[in-house]
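Down below is the structure, laid out as structure tokens.
Keep in mind it's a predicted model, so treat the numbers as computed, not measured. Hydrogens, waters and symmetry mates are skipped; everything else that's a heavy atom, side chains included, is used. Order of listing sets the numbers, starting from 1, for every ligand and every atom in it. Along the sequence shown, residues carry numbers from 1.
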Amino acid sequence: MVKKIGILTGGGDCPGLNAVIRGVVKSAILRHGWEVIGIKDGFDGLLTLNNAIPLTLEAVRGILPRGGTILGTTNRGNPFSYPLRQSDGSYIQTDISDQVIENARNLGIDALIAVGGEGSLKIALQLSQKGLPVVGVPKTIDNDLDKTDVTFGYNTALETATDALDKLHTTAESHHRVMILEVMGRYAGWIALESGIAGGADVILIPEIPFELEKICTSIKERKDRGGNFSIIVAAEGAFPTGGDRVVAEGATERYTIERLGGVGQFVAKQIEKCLDMDVRVTVLGHLQRGGSPTTFDRALGSRFGVRAVELVEQGDFGKMVALQGRKIVAVPIADATRELKQVNPDGEIVRAAESLGIMMGR
Ligand code: F6P
């Protein structure tokens, strides 16, 4: 018999997290009469017992349109390989998962709802395999989680990127320039691809299709010959040239084990300036894509995910993640959803549609 559940948000934040939290709290309290506590700052909140807050109906009132997460989050620190600081200032990766599970039990929760991307859900899966009853909710603006058609947060990020492209169009046209917009997307180019189509880009560069600089120049020159005296390029941060590497802004360290990407826009600009007689300017959209109020779509999806996650807890269906397939919210094993990233198919319908629209895909 479930009486009390916990919820945490892990990984990079995204719009719609508060809609999920609210959906969980409202349905847990109103439908089931359970108590809900929020764990602060992702799995880090389970390192001690004083990082939990009661989530009442009052606590979630008014949060639906708010970006970010009222619980806080972190995209560093995996309890199975946690960077523990030593007295000499160095870090040692230590497995502290037993302590995390014990703390969850001591908080008196019968189940944990973990809202996160691929990294956080892999941690959730490992904790569930060690006996903690866990249900996952998929989140990421990158939309690269498998077994769900989309993750919440992605739609809002797309709106932001498309709006930026609309704005870049007007200034590009006035100055006859090439404008490059660098968007997020570490391993998957969904944001670049769909905002590029929606925003009328001329070139889209994604991690799934290594790009050829000479071909980019040729396509911009050809467009100019056809009377298009400006061009718009959208580049996912994880895009890279054939035979080259992703552009890293900051390498991984002992403490932050994931490298920070950034700079592909500048890289492409420097190269194509050599072969084009046009000004090139770069805009890095960065964390604007992760901020702001969620779109209607993300609010509704986040709310439905939250409600369904509570239903899975009630059914004792643990180790599962809620997912959108077609128009239905379903439950899939977290193991299946985190086995492989959902990348853009370079020969799939969306890329073919882009190419049929005359968009150059870097190849
Ligand atoms: O995974 C989402 C994401 O937005 C990536 O696209 C990006 O590389 C990363 O987060 C940036 O994270 P941080 O907030 O650590 O800069």
Side-chain angles (χ1 to χ4, degrees), residues 8-17 20 41-44 67-69 71-78 83 114-124 136-146 148 150-162 164 180-196 204-208 234-240 245-267 282-292 294-295 298 301-302 321 337-338 340-344:
L8 61 78
T9 52
D13 72 342
C14 81
L17 283 165
V20 178
D41 300 333
F43 292 101
D44 272 11
T69 161
L71 293 176
T73 186
T74 173
N75 54 5
R76 313 287 181 204
N78 172 348
V115 191
E118 191 235 355
S120 305
L121 290 177
K122 275 187 172 156
I123 296 168
V137 178
K139 154 269 36 153
T140 161
I141 63 160
D142 287 5
N143 194 34
D144 56 4
L145 257 164
D146 206 8
T148 183
V150 283
T151 47
F152 70 87
Y154 171 61
N155 184 265
T156 308
L158 264 189
E159 288 289 319
T160 303
T162 304
I180 303 179
L181 179 68
E182 181 177 315
V183 297
M184 283 188 172
R186 286 184 84 80
Y187 310 109
W190 295 107
I191 296 178
L193 179 59
E194 292 211 83
S195 71
I204 299 176
L205 307 177
I206 59 175
E208 295 86 344
V234 194
E237 61 181 351
F240 56 91
D245 287 323
R246 296 186 301 165
V247 185
V248 174
E250 205 178 321
T253 61
E254 278 179 313
R255 186 163 180 218
Y256 300 132
T257 48
I258 303 172
E259 60 194 13
R260 205 155 52 77
L261 298 185
V264 68
Q266 281 297 349
F267 170 78
V282 180
T283 303
V284 180
L285 203 48
H287 291 78
L288 287 175
Q289 295 158 96
R290 293 235 303 258
T295 57
D298 282 335
L301 183 62
M321 178 189 93
T338 54
E340 275 177 25
L341 282 177
K342 182 184 68 191
Q343 287 188 300
V344 172

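- In this structure a side-chain-to-backbone donor-acceptor pair under 3.5 Å is present from Gln289 to Gly286.
- At a threshold of 4.5 Å between non-hydrogen side-chain atoms, the residues Leu17 and Phe152 count as touching.
- Taking a 6.0 Å sphere around CD of Glu340, one finds it holds 12 or fewer heavy atoms contributed by other residues, nucleotides or ligands.
- The shortest distance between side-chain heavy atoms of Pro15 and Ile141 falls below 4.5 Å.
- The shortest side-chain heavy-atom distance between Asp142 and Glu118 does not fall under the 4.5 Å cut-off.
- A distance limit of 4.0 angstrom between heavy atoms and ligand 1 selects the residues Asn75, Arg76, Ile141, Asp142, Met184, Gly185, Arg186, Glu237, His287, Arg290.
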Would you sort out whether Leu301 and Val150 count as a side chain to side chain contact (heavy atoms under 4.5 Å, CB included), showing the intermediate values?
-> CA-CA 9 Å; Leu301 183 62; Val150 283; 4.0 Å; yes
